[in-house]
Amino acid sequence: MTIRTKFGVVATCVLAAVGLQSCAKREAYLITDTKELASQHESNTSHDMLESMVKLNENTKSLINANAVDWQISTADDGERQLNIKFNAALANKPSLTINAESTWDFSLNDTVAVVMDIDNPSSEPVHLHVALTDVHGKKHNRNSAIPPHSSASYYSLIKGENVSLDTGMRSNPKHWDTDYTQLIWRTGSKEIDVSKIKSITFQVMGVMADKYITVRDIRAVRPTSFIQDSAKHIVDEFGQNNKIDFEGKVTSIDNLRQHFKEESVELQAQLPTDRSKFGGYLNGPKLESTGYFRTEKHDGKWALVDPEGYLFFSTGIANVRMANTSTITGFDVPDAYVKSRVSTDLTPEDSMGLNRLSNAAAEHRFEASAIRANMFTSLPDYNEDLGNFYGYRRSVHTGTIDKGETYSYYMANLARKFGDMTVDGVLDKWESLTVKRMQSWGFTSFGNWIDTRFYDNDNFPYFANGWIIGDFKTVSSGNDYWAPIPDPFDKKFAERTDATVKQIALEVKNSPWCVGVFIDNEKSWGIMGSPESQFGLVAGTMALNASNSPAKTAFVEWLKNRYENIQTLNKNWGVSFVSFDELNEGFAINFNSTEAIQDYSELLTFYAEAYFKTVADSMGKYMPNHLYMGARFADWGMTPELRSAAARHVDVMSYNYYREGINPVFWHFLEELDMPSIIGEFHMGALDSGLFNPGLIGAHTQELRGQMYETYMNSVIDNPYFVGAHWFQYIDSPIAGRAYDGENYNVGFVSVADIPYKPFIKSVKRVNNSLYQRRFEK
């Protein structure tokens, strides 16, 4: 095998001079001789060549902008020019390299366009690479793929054509272009960009734990000519699996399903870790003060949870252990008259509900609402048969080809088949027992967030409770609002709904010592770092409102009146020209050209955050004083220093969702300043060897490699003195046709849709969990 290195040298392995590891285990991945790759490229007849977009020559150097990246254009032994890129992990959280067009690239005359590039990965680790095409209007078309270790292959982004904007209700669609090239997976930004004026292409990695290396060659535009007709038709078989391909663990019959269950039942009798206390704490460690409930303490310079008996506790577990996200939209609907409407006193968001099944009488009026969805399934059961018990309904969705409709849970149907029990309650009872056994056998110390409330009554495994504050209170826009607008914490109704939420959680938890703490809300779009406009979007959104209809705006105006002695000083600092403070009550646009104004925006954002977190903390203190308030699980893309500092004054544990390769120091610099116990609420890695079309937010290639990446991530958390736990998202793979709420169709489960555990992955998980406490507290 020949692979080009960073310096353009063709070698059997990679050079120690560039800091890369050996080629051990390379046979497990895609390995292609570069001459063979060139031959494949020349013989590929599924497209017409349009043009080479990037000419790798001396002139290209002036068109490249790089951030925390070393790069070099070199010549290989076959005379081909190549761009060698090293992403420096220690210098930036998101190292990137951008190649600008000399003018712009114009593909407007072609009906279908794909950008193709040849990429080598000479290292022994995958490179989760993001590739973005940006037009002159600033719109970005972002895709990514995990480039396998020791590999050489061609990748493409389809940027124009019928399939680009096709809405199937899935996060990632099956390949539409019939080619051996690897499809870069759609991620974020604008699917449709101005293909007549594309100005740049960017290569980026995010949140990596070690330097990453790739070589890029022959970036070209092509016109695909060979397509897979009805590529989404009949992609789901009777068990909810990929109907088009075979893969390890695919179920072929009910007998096959039950045989898997029989074999696993024997394995679950394995010896549990012997160093655990009753509540899962470190039995061999020091015994601290016991309070009868979980608490936090800094011990020997490391933050820790302490279990009810006083033993040091570190929370490893799985989030989203529930049936709410196992359903997929079938493409059928019923008239609104047959659907029960939501009411203002509801406490459960639509995506967190169970099946919410329609009656058989309502189903008699079902009609096809989306042909593309209805045709995805090889078969769906009749409502009146046993498997029809697992239909459901969603009255609203976040994203999808239809905004409401019938759902079906293949996962629950498969449980019914293997348990031999076709009732919903019977399935849930048996599933609950099996799930707890798995958590214990796999070495976890607790559940994570978002677990079925039926687990709250157990007395043998710790868990975290969850609540959402929903209702008819006022909201504010931050300009992002990915999941929803931000609550207005100055609205009295917000406090009322907070109390209602926490009271309900308290009723469910019943003051159980097995409940570690409570997460309230999730991944709010508080603000995005990168520019004052995005960081203080919530302030801008509030000031744009009229005070007569916004408690937050009223509170902000009062804050400014107390801040400034007269309107003239405010005008000078903010670059505005109000006659009196009363004019502030009207909606207006703020500007970001003044240092003094931006300082005020920062303090106003803190003022807002204090109101939100204090309201929730006060409610927790009233109704659940014995349980930890775990915060709102900040997304790394949706938090600011103001929000973090305000939260730290009111929560017991800071919580973050971080979908990267590990706890990379360049991002987590603020932990020392906050000096708070912290927890990872969500992370995951997925692979494409499971039949699904999308590996998840962080990709791998095999279940074995997925396990290795899990070990890297978890060890980085365990070794960090501020973290007290980390929770994987999620227990069950997403439906292959996409979860009903937003179309996620990721291989991120510990078990498949057929409830078959991923053994190679779990082997690595058990290795981490079984040495957890020694690594954390004995080093």
Side-chain angles (χ1 to χ4, degrees), residues 275-317 319 439 444-449 451 455-467 502 505-506 508-520 613-614 616-634 644 646-656 671-672 674-681 717-718 720-727 772-773 775-778:
D275 61 352
R276 307 284 172 88
S277 69
K278 172 184 176 181
F279 289 92
Y282 188 29
L283 189 62
N284 298 337
K287 196 170 189 300
L288 308 179
E289 178 187 0
S290 60
T291 64
Y293 294 92
F294 283 90
R295 62 182 182 87
T296 63
E297 181 175 323
K298 199 169 192 179
H299 179 75
D300 285 346
K302 298 177 181 179
W303 279 106
L305 293 166
V306 179
D307 78 12
E309 295 181 323
Y311 293 102
L312 295 171
F313 184 91
F314 193 92
S315 178
T316 63
M439 297 301 114
F444 288 115
T445 62
S446 72
F447 284 113
N449 189 39
I451 66 164
F455 292 107
Y456 290 9
D457 291 331
N458 85 83
D459 59 357
N460 61 352
F461 201 64
Y463 66 89
F464 292 81
N466 167 264
V502 178
I505 300 169
E508 295 167 348
V509 169
K510 302 171 186 174
N511 205 32
S512 170
W514 293 91
C515 176
V516 183
V518 183
F519 293 98
I520 305 288
F613 285 104
K614 184 178 186 303
V616 182
D618 287 350
S619 191
M620 283 290 299
K622 280 190 292 185
Y623 302 110
M624 301 190 73
N626 294 320
H627 295 96
L628 298 171
Y629 173 28
M630 305 296 296
R633 306 203 314 162
F634 290 121
R644 290 194 298 262
R649 287 188 281 273
H650 298 285
V651 305
D652 296 304
V653 179
M654 297 288 286
S655 52
Y656 310 91
L671 290 176
E672 183 176 3
L674 291 177
D675 194 17
M676 283 283 292
S678 302
I679 197 165
I680 296 295
V717 178
I718 295 167
N720 189 293
Y722 299 101
F723 282 102
V724 298
H727 301 153
L772 164 67
Y773 282 129
R775 183 176 185 115
R776 175 66 177 183
F777 296 118
E778 299 297 339

Got His650 and Val616 here, is their nearest side-chain heavy-atom distance under 4.5 Å?
no

Should the pair Asp618-Lys614 be classified as a salt bridge under the 4.0 Å nitrogen-to-oxygen rule?
yes

Determine the minimum heavy-atom distance between Cys515 and Phe294, stating which atoms define it.
O-CD1, 4.0 Å

Considering only heavy atoms from C-beta outward, does the side chain of Leu312 approach that of Pro286 to under 4.5 Å?
yes

Does Met654 reach the side chain of Tyr722, with side-chain heavy atoms less than 4.5 Å apart?
no

Taking all atoms of both residues into account, what is the closest heavy-atom pair of Gly310 and Ser290, and its distance?
N-CB, 3.7 Å

Candidate pair Thr296 and Val724, rule side chain to side chain contact (heavy atoms under 4.5 Å, CB included), full reasoning
CA-CA 9 Å; Thr296 63; Val724 298; 5.7 Å; no

Could you tell me if Asn449 and Asn466 have a donor-acceptor pair between their side chains, going purely by distance under 3.5 Å?
yes

Between Ser446 and Ser315, which heavy-atom pair has the shortest distance, and what is it?
OG-OG, 2.7 Å

Is the closest side-chain heavy-atom distance between Leu671 and Ser678 below 4.5 Å?
yes

Ile680 versus Val717, closest heavy-atom pair with distance:
CG1-CG2, 4.3 Å

Side chains of Val651 and Phe613 in contact at under 4.5 Å (non-hydrogen atoms):
yes

Give me the atom names and distance for the closest heavy-atom approach of Asp307 to Phe313.
N-CB, 4.1 Å

May I ask you to decide if the ring planes of Tyr282 and Phe777 are parallel, tilted or perpendicular, using 30° and 60° as cut-offs?
parallel

Could you tell me whether the side chain of Glu289 reaches within less than 4.5 Å of the side chain of Arg295, counting heavy atoms only?
yes

Test ring-ring contact (aromatic ring centres under 6.0 Å, His included), reference Tyr463, set Phe447, Phe455, Tyr456, output is Tyr456

Have Asn511 and Tyr293 got a donor and an acceptor in their side chains that come within less than 3.5 Å?
yes

Does the distance from a Lys or Arg side-chain N to an Asp or Glu carboxylate O, for Asp457 and Lys510, drop under 4.0 Å?
yes

So among Trp514, Phe461, Tyr311, which one has a ring-ring contact (aromatic ring centres under 6.0 Å, His included) with Phe279?
Trp514

Does NZ or CZ of Arg776 lie under 6.0 Å from the centre of the six-membered ring of Phe314, at an angle within 45° of the ring axis?
no

Distance in Å, Ser619 OG paired with Tyr629 OH, rounded so as to fall on 0.5 Å steps:
9.5 Å

Before giving the answer on side chain to side chain contact (heavy atoms under 4.5 Å, CB included), spell out for Asp675 and Lys298 the whole-Å C-alpha distance, their side-chain angles and the decisive distance to 0.1 Å.
CA-CA 10 Å; Asp675 194 17; Lys298 199 169 192 179; 2.7 Å; yes

